[in-house]
Q: 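First the structure, then my questions, so here it is.
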Amino acid sequence: FKNADSGEQDVFAVGERVFDGPKLISVGQRHAVVMLKGRRITIEILQEEQRGAPGTASASSASQVNSPAGEIRKTGTGTYVVSRREVDHSIENLSYVITQARAVPVLRNGETVGFKIFNIRSKSLFERLGLRNGDVVQQVNGMKLNDPSKAIGLLDELQSVDELKVNFLRGGKPVTFTYEIR
């Protein structure tokens, strides 16, 4: 969510209060539901093509959200070049980026072995990085993703690395993608 008054952005879990205001009840692909003063309010999440329309609530943030084309370039099978600008932009707009796909933990014998990605939006960061619905991301730069906090902790690392190796399962087969950041 982005606070329209202060410009502050943050991520909230279902059940939490959004900027000490309404309680977040649920989040769908195209809407969020909050409870404010005993009333359920549905907030529409605008699609990318709607974001710049005059008079929309998010028109002021449209230029910050839409990345310039060509910031991610596929250079071979499983290899990409990602501009540092794209990485910084994604980190700054994390609350928007996380709405572009869904991820759920994959459990084996009661242990998390990765996160399955699905509902990837067309032209989203995830799609441009070559990920597909059903991919199960298991490791990033050798770090096993067996805990959501580890995935969030990778954000700090992203700001200082020049290369990112992502190991995942696609159709049950191991795949590694390499992203050169420059």
Q: If you define the side chain from C-beta out and look only at heavy atoms, does anything of R128 sit under 4.5 Å from E86?
A: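 SC-SC contact between R128 and E86 confirmed.
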Q: Counting distance only, does the side-chain N/O of Y80 pair as donor-acceptor with the main-chain N or O of I72 below 3.5 Å?
A: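 Flag not set: sc Y80 to bb I72 has no pair under 3.5 Å.
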Q: Just wondering, more than 12 heavy atoms not from R170 lying within 6.0 Å of its CZ?
A: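 More than 12 heavy atoms, drawn from other residues, nucleotides or ligands, come within 6.0 Å of this atom.
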Q: Are V82 and L164 connected, step by step, through hydrophobic side chains (Ile, Leu, Val, Met, Phe, Trp, Tyr) whose heavy atoms are closer than 4.5 Å?
A: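 Yes; tracing contacts between hydrophobic side chains, which count when under 4.5 Å, links both residues.
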Q: Report yes or no: do I181 and L129 belong to one cluster of Ile/Leu/Val/Met/Phe/Trp/Tyr joined by side chain heavy-atom distances under 4.5 Å?
A: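 They do share one cluster, since a chain of ILVMFWY contacts under 4.5 Å joins I181 to L129.
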Q: Has Q100 got a side-chain atom pairing as donor or acceptor with L125's backbone, closer than 3.5 angstrom?
A: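 Flag set: sc Q100 to bb L125 pair under 3.5 Å.
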Q: Does atom CZ of R40 have more than 12 heavy-atom neighbours from other groups under 6.0 Å away?
A: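 For R40, atom CZ is not crowded (no more than 12 foreign heavy atoms under 6.0 Å).
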Q: Measure the shortest side-chain to side-chain distance between N146 and E111 over non-hydrogen atoms and say whether it is less than 4.5 angstrom.
A: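 No - every pair of side-chain heavy atoms lies 4.5 Å or more apart.
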Q: Provide the closest heavy-atom pair for V113 versus Q138 in the form atom of the first, atom of the second, distance.
A: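 Between these two residues, the closest heavy atoms are O-CG, 3.3 Å.
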Q: L131, V97: one ILVMFWY side-chain cluster at the under-4.5 Å cut-off?
A: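 Yes, because L131 and V97 connect within a single hydrophobic cluster, where side-chain heavy atoms sit under 4.5 Å apart.
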Q: Determine yes or no for a side-chain-to-main-chain donor-acceptor pair under 3.5 angstrom, with N141 supplying the side chain and K165 the backbone.
A: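 Side chain of N141 to backbone of K165, a donor-acceptor pair under 3.5 Å: yes, one is there.
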Q: Side chains of L24 and E16: does their closest heavy-atom pair fall under 4.5 Å?
A: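 Contact flag for L24/E16 side chains = no.
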Q: Hey, what's the ring geometry for F168 with F177, parallel, tilted or perpendicular (30° and 60° as the breaks)?
A: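 Correct class here is perpendicular.
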Q: Do you reckon V137 sits in the same ILVMFWY cluster as L169, going by side-chain contacts under 4.5 Å, direct or chained?
A: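 No, it is not one cluster - the side chains of V137 and L169 are not joined through contacts under 4.5 Å.
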Q: Are Y179 and V161 co-members of a hydrophobic cluster defined by side-chain heavy atoms under 4.5 Å apart?
A: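 Yes; tracing contacts between hydrophobic side chains, which count when under 4.5 Å, links both residues.
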Q: Apply side-chain contact (heavy atoms from CB on, under 4.5 Å) to M143 and N167, showing your working.
A: CA-CA 10 Å; M143 181 186 297; N167 299 59; over 6 Å; no
Q: A side-chain contact here means heavy atoms from C-beta on lying under 4.5 Å apart; do T79 and E180 qualify?
A: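 Not touching, per the 4.5 Å side-chain cut-off.
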Q: Hey, does V27 have a side-chain heavy atom less than 4.5 Å from the side chain of T99?
A: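 Result no, sub-4.5 Å side-chain heavy-atom pair not found.
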